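Below you'll find the structure, written out as structure tokens, and then a few comments.
If you read the sequence from its start, that first residue is 1, and numbering goes on from there. Predicted model only: the values in this text are computed from it and were never measured.
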Amino acid sequence: MNVFSPPDQLARNPALAVLGFKRQLMYHLHFWAFIAIAPLIWVQWQKEHHLLSALLVLFCLNALLVIGFLRFRNTYFLKGRLFPLLAVVAAGYSTVINGHSGLYWAYPAATALFFLLPLREAIASNIVFITVMALITFSYLPEAEFWRVTVSLGLTCTFAMVFAWLVGKLQQELTWLATTDPLTGCLNRSQLADILNTRIQMRERYERVSSLVLLDLDFFKAINDRWGHQAGDQILQEMATRLRKRLRDSDQLFRIGGEEFMIVLPETRQRDADTLAHELLASISARPFMNDIKLTASASVAEVSQGETWSVWLNRADQALYLAKSRGRNQVVNAQRPSAHVARHTQNSAAT
């Protein structure tokens with residue numbers, strides 16, 4: 001998915017949406033930095049400040065490379081680490097030869113670092129930046145100017161750091177809210193297609209199989225009708241806890257319906273997923289939930305097949321779950337593998 005797609009197209013995957021906005025921010029900061037700095041190359045050259053002109057050329061070339069890599073390769077060139085190096089050297093040297101006019105560029109550069117680099121790297125870079133500028137102003141400017149510059153630049157960096165930290169925390173919280181079921185803490189449907197597509201790509205490229213398990217509590221509506229929705233919510237929470245205890249760190253647990261859960265099992269054959277599904281059903285029925293409420297569940301298992309899309313894979317599992325329900329519940333049904341003709345048809349449809 002292209003992170004430069006409009007935000008409404010990225011909204012289907014909140015994690016990618018956040019990444020897209022971050023990269024757009026990097027793109028625009030380097031773009032406008034290039035627009036602002038490029039004319040200064042000629043200005044400094046006319047003043048016979050050839051070394052500073054060369055530094056500004058390097059700064060602009062780095063900006064163009066970042067813009068090009070983000071635009072056409074969807075990657076962050078050198079992870080933005082040339083920006084702080086060139087900014088420190090150029091701003092410092094400009095202050096040495098131009099005096100106060102060089103200082104003006106230190107403030108936007110120091111602020112930009114908090115939006116171009118990870119927070120810890122930005123803090124470390126700004127500590128170096130402030131230290132360099134303090135030494136230069138102490139050496140080349142009056143003492144009163146040294147204190148004004150050092151304190152004002154330090155405060156600017158502090159304010160930018162706090163703002164960037166709060167924005168980062170807000171992004172994490174919004175991403176969590178958008179991708180997680182608030183009741184059970186399981187993943188929700190927002191990332192389902194992307195995660196299943198990832199497993200399909202691993203199957204197609206590296207022959208690394210994955211399976212999924214659909215699990216649905218039996219007669220759950222009767223629980224809500226008899227004990228109330230609050231009791232039903234508590235059962236769902238305990239259900240998610242029981243499932244997590246039997247899963248690996250690499251497994252992913254979704255709540256995709258009222259009482260329906262889905263487990264994505266990387267590197268797992270159907271027979272192993274079937275064994276796990278039977279264990280999960282046994283753990284659900286063996287011990288009552290709150291208020292001695294006894295429950296059972298039905299499950300289906302489906303291993304991803306060559307050439308099928310995520311929706312076909314999920315539909316096979318869903319049909320098998322329906323079959324488990326119709327056969328009397330409290331059992332596991334393995335999904336039938338698609339025929340070779342269906343697989344080829346699906347693969348050709350996806351290619352076109």
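The side-chain heavy atoms of Q44 and L56, taken from C-beta on, include a pair separated by under 4.5 Å. By the 4.5 Å heavy-atom criterion applied to side chains, C157 and T111 are not counted as neighbours. Side-chain contact check for P84 versus L117: some heavy-atom pair is nearer than 4.5 Å. Between Q331 and V333 the shortest side-chain heavy-atom distance falls below 4.5 Å. When side chains are defined from C-beta on, W227 does not count as touching I235, because their heavy atoms never get closer than 4.5 Å. Between K245 and T241 there is a side-chain heavy-atom pair separated by less than 4.5 Å. For the pair L196 and T309, the minimum side-chain heavy-atom distance is 4.5 Å or more. Contact annotation: the side chain of I256 approaches that of L192 to within less than 4.5 Å [non-hydrogen atoms, C-beta and beyond].
In W165, the CH2 atom is not crowded: 12 or fewer heavy atoms of neighbouring residues, nucleotides or ligands sit closer than 6.0 Å. The number of heavy-atom neighbours closer than 6.0 Å to CD of Q46, taken from other residues, nucleotides and ligands shown, is above 12. Heavy-atom neighbours of Q336 CD from other residues, nucleotides or ligands within 6.0 Å: at or below the threshold of 12. Within a 6.0 Å radius of CD in Q230, other residues, nucleotides and ligands contribute 12 heavy atoms or fewer.
The two atoms that bring S326 and L323 nearest to each other are OG-O, 2.8 Å, heavy atoms only. Minimum interatomic distance between S210 and P266 (heavy atoms only, all atoms of both residues): OG-CA, 3.5 Å. The nearest pair of heavy atoms linking N188 to T180 is ND2-N, 3.4 Å. The two residues Y27 and I67 come nearest to each other via the heavy atoms CE1-CG2, 3.3 Å. Of all heavy-atom pairs spanning V213 and A299, the tightest one is CG1-CB, 4.4 Å.
A salt bridge (charged side-chain N to carboxylate O under 4.0 Å, His left out) with D216 holds for exactly one of K325, R255, R329, K221; it is K325. Tested against L215 for a side chain to side chain contact (heavy atoms under 4.5 Å, CB included), the candidates V332, I284, L253 yield a single pass: I284.
By the criterion of side-chain heavy atoms lying less than 4.5 angstrom apart, applied directly or through intervening Ile, Leu, Val, Met, Phe, Trp or Tyr residues, I200 is not grouped with Y206; the two fall into different hydrophobic clusters. Tracing side-chain contacts under 4.5 Å through hydrophobic residues (I, L, V, M, F, W, Y), one never reaches M202 starting from I263; they form parts of separate clusters. Note: the hydrophobic cluster containing L135 does not contain V89 (ILVMFWY, side chain heavy atoms under 4.5 Å, direct or indirect links). No path of Ile, Leu, Val, Met, Phe, Trp and Tyr side chains, each step under 4.5 Å between heavy atoms, connects F261 with V264, placing them in separate hydrophobic clusters. A chain of hydrophobic side-chain contacts below 4.5 Å, direct or via other Ile, Leu, Val, Met, Phe, Trp or Tyr residues, connects L82 to L40.
Aromatic ring centroids of Y93 and H49 lie 6.0 Å or more apart. In summary, the aromatic rings of F34 and F59 are positioned with their centroids too far apart to meet the 6.0 Å limit.
The OG1 atom of T150 sits 8.5 Å away from the CD1 atom of I130 when rounded to the nearest 0.5 Å. One finds the CD1 atom of I223 at 10.0 Å from the CE atom of M290 (value rounded to the nearest 0.5 Å). Note that CZ of F115 is 12.0 Å distant from CZ of F83, once rounded to the nearest 0.5 Å. In this structure, the separation between OG on S311 and CG on D318 is 12.0 Å, given to the nearest 0.5 Å. Here the CZ atom belonging to R246 is positioned 15.5 Å from the CZ atom belonging to R244, to the nearest 0.5 angstrom. To the nearest 0.5 Å, atom CD of residue Q252 and atom CG of residue L187 are 6.0 Å apart.
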Show your working on side-chain contact (heavy atoms from CB on, under 4.5 Å) between H50 and W45 and close with a plain yes or no. CA-CA 5 Å; H50 299 152; W45 186 268; 3.5 Å; yes
I would like to know whether L276 and L247 meet side-chain contact (heavy atoms from CB on, under 4.5 Å); could you show each step before the answer? CA-CA 9 Å; L276 174 65; L247 299 180; 4.0 Å; yes
Check step by step if side-chain contact (heavy atoms from CB on, under 4.5 Å) holds for R208 and E267. CA-CA 6 Å; R208 295 166 64 177; E267 313 290 340; 2.7 Å; yes
Could you walk me through whether F254 and I195 pass the side-chain contact (heavy atoms from CB on, under 4.5 Å) test, one step at a time? CA-CA 11 Å; F254 290 79; I195 288 175; 3.4 Å; yes
Verdict with supporting geometry, S94 and N98, side chain to side chain donor-acceptor pair (under 3.5 Å): CA-CA 5 Å; S94 179; N98 293 316; 3.2 Å; yes
For D181 and T184, what are the C-alpha separation, side-chain angles and deciding distance, and is it a side chain to side chain donor-acceptor pair (under 3.5 Å)? CA-CA 6 Å; D181 172 52; T184 62; 2.5 Å; yes
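Formation of a donor-acceptor pair under 3.5 Å by the E308 side chain with backbone atoms of S305 is found in this model. With hydrogens and angles disregarded, no donor-acceptor distance shorter than 3.5 Å links the side chain of R337 to the backbone of A302. Remark: the backbone N or O of V304 is not paired with any side-chain donor or acceptor of R199 at under 3.5 angstrom. When atom types are taken as modelled, the side chain of D272 and the backbone of T268 share no donor-acceptor pair closer than 3.5 angstrom. Between the side chain of T296 and the main chain of D218, no donor-acceptor pair closer than 3.5 Å is present. A distance-only check finds a donor-acceptor pair linking the side chain of S298 to the backbone of N330 [under 3.5 Å]. In terms of modelled atom types and a separation under 3.5 Å, the side chain of T137 and the main chain of A134 share a donor-acceptor contact. At distances below 3.5 Å, at least one donor-acceptor pair connects side-chain atoms of S300 with backbone N or O atoms of A317.
A salt bridge between E121 and R81 is present, with a side-chain N of the basic residue lying under 4.0 Å from a carboxylate O of the acidic one. No salt bridge links E303 with R271; every basic N to acidic carboxylate O contact stays at or beyond 4.0 Å. Checked for salt-bridge contact, K169 and E173 miss the test: no charged N lies under 4.0 Å from a carboxylate O.
With no hydrogens or angles considered, a side-chain donor-acceptor pair links R203 and Q306 at under 3.5 Å. D274 and N334 share a side-chain donor-acceptor pair at under 3.5 Å.
Using the six-membered ring where Trp is involved, F146 and F138 have ring planes that are perpendicular, over 60° apart on the 30 and 60° scheme.
Remark: R327 fails to qualify as a cation-pi partner of Y322 under the 6.0 Å distance and 45° angle criteria applied to the six-membered ring.
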